[in-house]
Every structure is written in C-alpha cells, then in structure tokens.
Amino acid sequence: MRSSAQLSSKWTAGLCLLIAFLGLLNPAVAVKEHDFKKCDQSGFCKRNRAYADAAVAIGSSWKSPYTVAADSTHFKEGQFQATILKTINDQGETVRLPVTVSFLKNGAARVTVDEEKRQKKDIELRHDSKARKERYNEAEKWVIVGGTAFDTEAKLSHEGKGHWTIKYGPSSNFEAVISFAPFSLDFKRDGHSQIKFNDRGLLNMEHWRPKVDKPEPEKKEGEESKEGEAPEATPEAKPEEPKGEDESTWWDETFGGNTDSKPRGPESVALDISFVGYDHVYGIPSHAGPLSLKETRGGDGNYADPYRLYNLDVFEYILDSPMTLYGAIPFMQAHRKDSTVGVFWLNAAETWIDVTKAKGHTNPLALGIGAKTDTHTHWISESGLLDVFVFLGPTPQDITKTYGELTGTTAMPQEFSLGYHQCRWNYVSDEDVKDVDRKMDKFKIPYDVIWLDIEYTDEKKYFTWDPNMFKDPISMGKQLDERGRKLVTIIDPHIKNVDGYHVVSELKSKDLAVKNKEGNIFEGWCWPGSSHWIDAFNPTAISWWASLFKYDTFKGTMENTWIWNDMNEPSVFNGPETTMPKDNLHYGDWEHRDVHNLNGLTFHNATATALLSRKKGELRRPFVLTRSFFAGSQRIGAMWTGDNQASWGHLGAAVPMLLSQGISGFPFSGADVGGFFGNPDKDLQARWYQAGAFYPFFRGHAHIDARRREPYLAGEPHTSIITAALRLRYSLLPAWYTAFYQAHKEGAPIIRPMFYTHPSEEGGFDVDDQLFVGGTGILVKPVVEQGKEETDIFIPDDEVYYDYFTYEVLPTHKGKRVAVSAPLDKIPVLMQGGHIFPRRDTPRRSSALMRWDDYTLVVALSKDGKSAEGELYADDGDSFDFEKGQYIHRRFILAGGHTLSSVDAEGRDVGAIKEGPWLKEMGRVKVDRVIVVGAPKEWRDKKEVTVEGEGGDKWTAEMDYVPASGGRAAYVVVRKVGAVIGRDFRVVF
C-alpha cells in the first residue's frame, strides 16, 4: 500500500539502495558507544543522512521537492514572506510550509520555515497525548534578547520569474538571492556568494501525517521466519520495488531499554548550508576535539559520525570525538583569509551536524590556502522550526558582536569569580573547610573560593546541611569572610522524593515539577535516589525557586555564599542516555524533545534570578556555575567542561574546547584543573595549574575517590611552581577583568585564537593550542605534554615579542614557529609589542584584599620602539552600579616614543560624574609603577620622569634604566608614579 508520504520514484530507488548498503557496514567500536547514540541509532538522523546519500547517488538529476508558490511571495519593510510547497508523492500532493526571510538592521538575516498544518493545530496526536500540536516556537523567548529590528532600508533589487534578489545590510553590500524552484537561498557580500541554503537539495521538513496501520503480510501454510528476519527469497522471486521511506522509527523508537512514544510522529527539520570558498569552520561547542572542525563522513583523520548537540551527562568523555557533551551552542563560523561568516541554528532539540569539504570551487576573492574549498554542512534537528540566522561579517569581530546583540553578551561577573576556586567532591565537614582555608594561608597560596559538592547536604536534600558534619556553617562562612573569601554550594535540579522534606512537598503541592507523558509528576533516579525535577520553564517555578535561596530560608548561607548548578542536562540515571524521556512534558505542554538543550539554561537562569536578591533591598550580580548550557547562557554565569580525566590528553584538550566556547559567545569557561577523575602525577598537576591560570574560569576539582591534592600537598618544588602560577593569575586580575568587560560590551572572546586576532595569517587558522588574553597582547602556549621542557609558539605577525618574565626578545618571523624554553617551573608567556596592560603586583591572599591596591602598568613597546596602547576597566565587582556610570575605564597611549597618557576610554568627563562610595575610594588608588620593555637607548641617562596630573599639577618620579644585555631588551622601571588611576595623567620620559 502506497501512502501519501512515499517519495518520488526518481530518488526512492537511490535512497533504498543506499540504506541497504549502509546497513551492511558495522559502526566503529568506540568508548561508551553502548550508552550514547550514534547517528544510525537515532532515527531522524539516520533518515536524513540517508536522504543526503540518496541525493548524492542520484546525482545531477536530483531535484529538491520544495518550491515557492509564486503567487504567495511578498516583500515589505525588510521582510520576505511566502509559502513553500513540498511535493510529497508522484501524484503531486503538497504540504504548505510558510517561510519568512527577515533582514535585520545589524546586518544579520533570519530564515524561518514552519508547517501550516501543525501551525494551525490541524493534526491528531497519538496515545491521547497532552503535548502541544505546534512545532516548538518559543526558543526565541529564552535565547534572543535584541538585534531583531528589521532593516527597513532593504530593497528588492531584482524581481525575476524564478528568483528575487534583495539588497540589505549597513552599506547595502549584502544580497540574498531567493530562488523559487527549487527553493534555495544564496547570501552574497560585495556580489560574491558566501553562504548557500539548500544548494545541494537536502532541505527536509518531515510533515505531519496520520499513522496508517499496515496489515501484517499473510503467511502461507507452513511458512515460518525468525523474529526480526525477512523470509528468504525463492530463486524465482522478483526483486521487490522500493517501498519508500523507512518508517521504523516514525512512531516510536527504543534505545537502551527505553521507548519514546512520539505522539506527533516524524517531524525532523534538516538543511544543507554551504560556506562558499571556506576551508575552516569553527564553533558548535561543546565537543572534545580541535577548534577547526573535522569532516564527518569518514576518511583519513576524519570522523565517521556527525557532530551531535544533545546535552548529556557524559562522564569521562573521550577525546577527539564528535560525540555530544554537556552543553550545546548551534553557532558556527567559517573563515578564510580576511573573511568570516557564520550561521546560528536556533533549535533546542537534538541536533546533528555533518561537515564535508569539496574541492574545485573557484572564488575570485578567495586567494591562498584553501581558496578552492567549499565547506558543506548538513544540519538535522529532531523537531521544532527551521530557524537560522545568517551573518556575513566580514570580520570575526563583526560576527561575535552581532551574535552578542541577538543572544546577549557575557554577564559582568563577580570580581572574586576571576580568582582561583578550590574544590573537590567533597570537603567532608565545616572543620575540613576551615582547615583547608588555614593551610592555604599558611603556605601563602592565594585563592578566593572553596566549594562544597553534594555531600554537605542532609542525605542529598538540597537547601539542607548534614547535621553531623556541617554543624555550624555560619562559623565556616564567617572565617572565609574574614579573608575576603567565598563559599560555593552545589544545588541540582533533582529534588529528593521523600516524606518530610519541605522542598519536595512544595514542589508537588504547587505543581511545579516536570510531568511524564501522561501528565503526572515525573519520577526518576539521581543522586538522592527517587527524585522529581523542577520545571524551570514555568515562571511560577522560577519565583518559588528564588524564595528557597533567601538567607533566612536557606539557613547557614551568608552574603559570601554562591551556587553551583550541576546535573542540569538533565541527568537522570535510569533515563534514556542518562537523561529525561523525550515524551515528558514541560510548562505549556511542550515535549521534552523540543526543549531538551534549553533545559540547563532555564535552571541556570532560575538560580541566577534567585541570587539577585536574597534579602530585602539587596541587588547583586549572581555567580552561578552551570554544567549544561545553550546559546544565551553566557548572560547568566560561567560554565566548565565537565568530568574530565587526570591525563595529559585531557589537559591538551582543554584549550581548544575553551577557545571554541569563547568564539561561540560563552567565554566564561574553564576545565577542572588536575582532572576530575583519577590522580595526576605532580608534574601534570603543576602543568595544569600553569594552564589553568589562563582559563577564564579557574577551578581545581577532583572526584570523591581521588587523593587529596590541594596545592600545599604537592610538596616541593611543585607547591612553589603551582603557587607561582596562582600569583601570576592574581597579579593579572586587572587585565582579566578588563577582558571580561570587553566581552560584556562587544561579545568578544576573553581568550582568543589566532584566526580571531590575525584573520589574514593563514598559517594560524588551525592553531588551537595557544591563546591571546583579551586585548593585552599576552600570548600563552601551555605545555601539555609529559616531560617536555621546550615548546614552539606560532607567531602570527611581524611585531616584536618579549618573554613575559625575562624581557628576552624572541627571534620571531611572521607565520613561523619560535622555540621557547619551558622547564617545569616556567609557563611560555610572551608579550606582543605595542601593548599596555595593567597589573597589581602586591601578593595577597584573595582578590578582595587587593581591592584598594595600587597598579603597575606594563608597556611592551612596538617594534619601532615608539608606541603602545592598552586599557583598564574597573568597578566595584559586586553591584550593578557600573550601569550608572560608577566605573573606571582608561585608555593608555604611549605615542611618539616619549609620552605615556591616560584618558577616559569613552571620552567621558569623569570630573562631572557623581561619585558613589566605590568611585570615591578609588580616588586614593594610584599608579605605583610603570615598566617599559624595549626602552630606547635615548632614555639610558635619565634618572627621573615628569608626571602631569589633572589640573596642571606636575611632579617627578624616579626612573631606573636597565640596558639591553644578551638577548634581553632594555627596560625602565618608573617608581612611585603617584598618578590617580581613574584620572587623566601623563608620564613624560
């Protein structure tokens, strides 16, 4: 029996033959393959991959069955609207798919395709399901915060019979060519194609159709077959005609003993997106692989499976793999020399992305390495709308800035959160915490935060304390507070289902939990045993959750208590792939399959909302660490890369992973220093602290079964090596905080890869083992190999580079690598000429104790010895007063080779700003020292400099000149400069 869902005969044969062939291949054995799906174990991924294979097999005669109804087209005030007709069988039956292409003021374009029948709720659900009938259309509510104003200046420049061309963008130099038969889009910049949609004809929206129960084939008398096997063909039997699509996973699907009921039937969305003339693509975190994404269709050095985005609890994850991890950001950038473009796939359902590259394309603008390569991507999501944003750059900064306008930028953090965090699962008592705190002081090791994992609770009941081991949490908090330190406690989304526990009683009585497919409260298994999950999509649940964190409700917490959200993928130990069933129901009756990748964000958001105010009159920046995340999570707090291992391989994997986070809009990221699982040897632990000192989020963490490894336990020389790395981090906190401000304002990454900072230097496009810290010019290459005492650093430009510690001038050449000595006690850190960065050099026990310290300005002179620039941003690090002008933002310029100036970076009249308490106190904070590396010979006889402050005041400061020696640059140290850091001043050499 042929249904209306059958495919046209031209490509049905190719599809079925391909599926038959692929079925003969055994998937490669990989770690945890039995726990987590491969594409061929995920029905919708397998179907869409087969669809692509069929298109390739058919070749040039393939024609996508999606066309625009010519009489439906409409363009007005920056928005194109039409109806796509999907032909679903040989009889010409069609499905109507409304399409909108919006052109935005910020230069982005947005393509949205829906399904009319589901949109109108004109469908029937199976199993008496209470789920919504529409495709999920509320991801925008959680993710998009701005940047969606239409470009009303966009113009229809060509209206042909088969295609329209629309010019848009800030300078009208962008074009979108919309072709009607088949439907496709060609996004151009300056007349040249950059990104194409459906160019290969892989657009596929699985439309709703009723389930047709097919009768079982009649068996002849005496005929038997084994269960799951087809009867053997007799010699005279004729080959069967291909019957159409594989329906085996349309209506239900089983994996690992769990069955997904699929009340709406098949509803996946897929699209091929081609980056024309681009060899490198980046982003779509989180995966434990290289920054420049690999191909995924097999071949030497490539992956055999697509990149997967489906947030899961993947402990001890394997390296160099496209398998899913804890968070998902479906944002991809493509880069070639002097050009970056990108796409953002706004879909929160399970998503797979194939990446392939094709040679032979000729693009006159793409010169040099990779110029004749197109990168093809195939995006496949289980459900929801097809909703894609397009960014045409042309610079990496343009891409991240526009993406930041849409999804939000990094929240300004609590200043303490940039310091070092000491954690393990678990500190066993309040006395244990106090003892660690005392010993960190005894060994003069700076840190800001100590963390408590799940064992601090009373039998895994969150918002409680173990009555035997944490008898007096307030005294613990007070001891920490005396040293300016903080406490972080873990709070997970699973609520223990036990009588007498007020939190679960309220969760039930207020009806604020996630439901199962029958609409009853969902029960699963996690750390506490039987548990229920808060539904943080529900506004009422968010308000209730906030009430639990009040100081007088969550007894034992203080103003220096902050929160860690773990297991929020969500992790469900007895669920499919250790997560929640897809047919569970959330607020609004949306199925879990529709919102899965958003779940972590909503819980993170609920907790951050709670921490804004925990008592009357309080309003503070939250600090909440999350494991699971989605696009937009950067507005809320920090993330880390999850349960890594104490191995050199996992140390090496961290920097590429964090670089990928940064360019994907979520730069407040870190990896567990030392490795969560296992016991690092002392060299590995030391090297990991050296690397971690350059992670935006810097936390040491260990499993409950791992040996204690606080830095003071390492022994010499390792404790001193670790302490030196920590002190380096603390001295550079002003530079880190400035980089966070740049991320907050511009969407810029905090640690930056070479392609981002040097988009013209092709040799750096796949370099992912080194980084620049913000705009400081500090270039770092962590040592991540055992026993290695030398490394090589890729140099992306012709500027001079100085060793950070010795001021040695390195013998560098643009596009080449330079060897750097790196014994165990040294971190390879260089200073790029032409930069100025701030430090605070007085050793302290915590960042809070540095609050009123004077500054050092380090000037690394440019290659010509005449210029350098830099910035400092500072505020109170806790409140939102910076939004009212209560901050310092200075720009430092050394020009003409003899005058260092400080001016307000935004051109504000700082004297006219009404000073609050913090800004007033900062009036006493000065510049203590200025260090100029690469100082000219003309300064060698000088003993002092002139300092000019505001209002014409002048005074002198002592200057020591140290001449060049061997390979070291000459440098000067100006002492007791005395200029107020937040005011204009000049230092004349």
Side-chain angles (χ1 to χ4, degrees), residues 32 34-37 41-42 131 252-262 286 308-317 323-328 348-350 382-383 425 453-454 457 459-462 490-498 501 503-504 507-508 512-538 541 545 564-587 590-604 606-607 626-630 642-643:
K32 300 189 183 305
H34 61 288
D35 291 332
F36 303 104
K37 288 182 180 180
Q41 296 169 305
S42 178
D252 54 60
E253 187 169 357
T254 300
F255 181 80
N258 293 275
T259 298
D260 176 12
S261 64
K262 297 193 178 182
S286 181
R308 189 184 187 198
L309 296 177
Y310 190 62
N311 300 348
L312 293 174
D313 183 355
V314 190
F315 58 90
E316 287 191 282
Y317 50 85
M323 74 183 295
T324 192
L325 289 179
Y326 308 91
E350 179 184 350
E382 183 177 16
S383 64
W425 175 21
D453 212 315
I454 54 177
T457 61
E459 298 181 336
K460 311 302 186 296
K461 298 193 292 284
Y462 300 114
I490 198 168
I491 300 283
D492 291 344
H494 48 260
I495 305 302
K496 184 169 185 173
N497 182 28
V498 63
Y501 177 32
V503 176
V504 79
L507 182 73
K508 291 176 179 179
L512 302 176
V514 178
K515 308 291 180 60
N516 61 22
K517 63 185 178 183
E518 286 84 23
N520 302 316
I521 187 169
F522 169 70
E523 182 182 3
W525 205 263
C526 206
W527 295 123
S530 173
S531 302
H532 300 310
W533 274 258
I534 177 176
D535 186 357
F537 288 88
N538 186 339
W545 191 248
W564 169 17
N565 285 163
D566 201 351
M567 314 296 285
N568 53 334
E569 294 74 26
S571 179
V572 182
F573 292 165
N574 62 333
E577 298 193 274
T578 324
T579 194
M580 197 168 274
K582 287 181 174 180
D583 49 12
N584 273 6
L585 296 174
H586 288 269
Y587 176 75
W590 294 110
E591 280 196 293
H592 185 73
R593 83 182 69 251
D594 299 317
V595 301
H596 174 85
N597 285 346
L598 272 171
N599 189 84
L601 179 153
T602 64
F603 184 62
H604 194 198
T607 304
T626 185
R627 190 170 72 177
S628 182
F629 55 87
F630 192 66
D643 297 341

For Trp527 and Met567: C-alpha separation, side-chain torsions, deciding distance, then whether side-chain contact (heavy atoms from CB on, under 4.5 Å) applies. CA-CA 10 Å; Trp527 295 123; Met567 314 296 285; 3.2 Å; yes
Going through the checks in order, is the side-chain contact (heavy atoms from CB on, under 4.5 Å) test met by Lys37 and Glu253? CA-CA 12 Å; Lys37 288 182 180 180; Glu253 187 169 357; 3.9 Å; yes
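- Here the side chains of Phe603 and Trp545 are in contact, with some heavy-atom distance below 4.5 Å.
- With contacts defined as side-chain heavy-atom distances shorter than 4.5 Å, the pair Asn516/Ile521 does not qualify.
- Taken from CZ in Phe36 to OH in Tyr317, the straight-line distance is 13.0 Å, to the nearest 0.5 Å.
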Verify ring pair (Phe, Tyr, Trp, His ring centres under 6.0 Å) between Phe537 and Trp590, making sure each step is shown before the conclusion. CA-CA 10 Å; Phe537 288 88; Trp590 294 110; 9.9 Å; no
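- Taken to the nearest 0.5 Å, the CZ atom of Arg627 stands 5.5 Å off from the CG atom of Asp643.
- For Tyr310, the ring-ring contact (aromatic ring centres under 6.0 Å, His included) test picks out His596, with sequence neighbours left out.
- With a 4.5 Å cut-off on side-chain heavy atoms, Lys460 and His494 do not count as touching.
- Asp492 meets the salt bridge (Lys or Arg N to Asp or Glu O under 4.0 Å) test with no other residue; sequence neighbours excluded.
- For His586 and His592, the ring centers sit closer than 6.0 Å to each other.
- Each of Asp260, Asn584, Asp583 was checked for a side-chain hydrogen bond (donor to acceptor under 3.5 Å, both in side chains) with Arg593, and the lone residue meeting it is Asp260.
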Full working for side-chain contact (heavy atoms from CB on, under 4.5 Å) between Val503 and Lys461: CA-CA 8 Å; Val503 176; Lys461 298 193 292 284; over 6 Å; no
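- Side-chain N or O atoms of Glu459 include none that pairs as donor or acceptor with a backbone N or O of Pro528 at under 3.5 Å.
- In the displayed structure, Trp525 atom CH2 is contacted under 6.0 Å by at most 12 heavy atoms of other residues, nucleotides or ligands.
- Residues that satisfy the side-chain contact (heavy atoms from CB on, under 4.5 Å) test with Asp252, not counting sequence neighbours, are Thr259.
- Of the possible polar contacts, none joining the Thr602 side chain to the Gly600 backbone as a donor-acceptor pair under 3.5 Å is found.
- In this structure, Asn520 CG and Glu518 CD are separated by 6.5 Å, a value rounded to the nearest 0.5 Å.
- Between Pro570 and Thr579 there is a side-chain heavy-atom pair separated by less than 4.5 Å.
- The backbone N or O of Ala536 lies less than 3.5 Å from no partner atom in the side chain of Tyr587, so there is not a single donor-acceptor pair.
- Looking at residues two or more places apart in sequence or on another chain, you find no salt bridge (Lys or Arg N to Asp or Glu O under 4.0 Å) involving Lys496.
- Residues Asn497 and Glu523 have side chains in contact (heavy-atom distance under 4.5 Å, counting atoms from C-beta outward).
- Taking Asp535 as the reference, nothing meets the salt bridge (Lys or Arg N to Asp or Glu O under 4.0 Å) condition, with sequence neighbours excluded.
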Before giving the answer on side chain to side chain donor-acceptor pair (under 3.5 Å), spell out for Thr324 and Asn311 the whole-Å C-alpha distance, their side-chain angles and the decisive distance to 0.1 Å. CA-CA 7 Å; Thr324 192; Asn311 300 348; 5.3 Å; no
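- Within the model, atoms CG of Asn258 and NZ of Lys582 stand 11.5 Å from one another, a figure rounded to the nearest 0.5 Å.
- Residue Asn597 holds its CG atom at 10.5 Å from CD of Glu382, rounded to the nearest 0.5 Å.
- Proximity of Val595 to Glu591: side-chain heavy atoms (C-beta onward) are nowhere separated by under 4.5 Å.
- Qualifying ring-ring contact (aromatic ring centres under 6.0 Å, His included) partners for Trp564, counting only residues two or more places apart in sequence or in other chains: Trp451, Trp640, His701.
- Contact annotation: the side chain of Ser571 approaches that of Thr578 to within less than 4.5 Å [non-hydrogen atoms, C-beta and beyond].
- The shortest side-chain heavy-atom distance between Trp533 and Pro493 falls under the 4.5 Å cut-off.
- In this structure, CG in Asn568 is found 7.0 Å from CG in Asp566, a value given to the nearest 0.5 Å.
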Give the C-alpha distance, both sets of side-chain angles, the deciding distance and a yes or no for side-chain contact (heavy atoms from CB on, under 4.5 Å) between Lys508 and His532. CA-CA 9 Å; Lys508 291 176 179 179; His532 300 310; 3.3 Å; yes
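- Shown here is Phe573, whose CZ atom has more than 12 heavy atoms of other residues, nucleotides or ligands within 6.0 Å.
- The minimum heavy-atom distance between Asn565 and His604, with the atom names listed, is OD1-CA, 3.6 Å.
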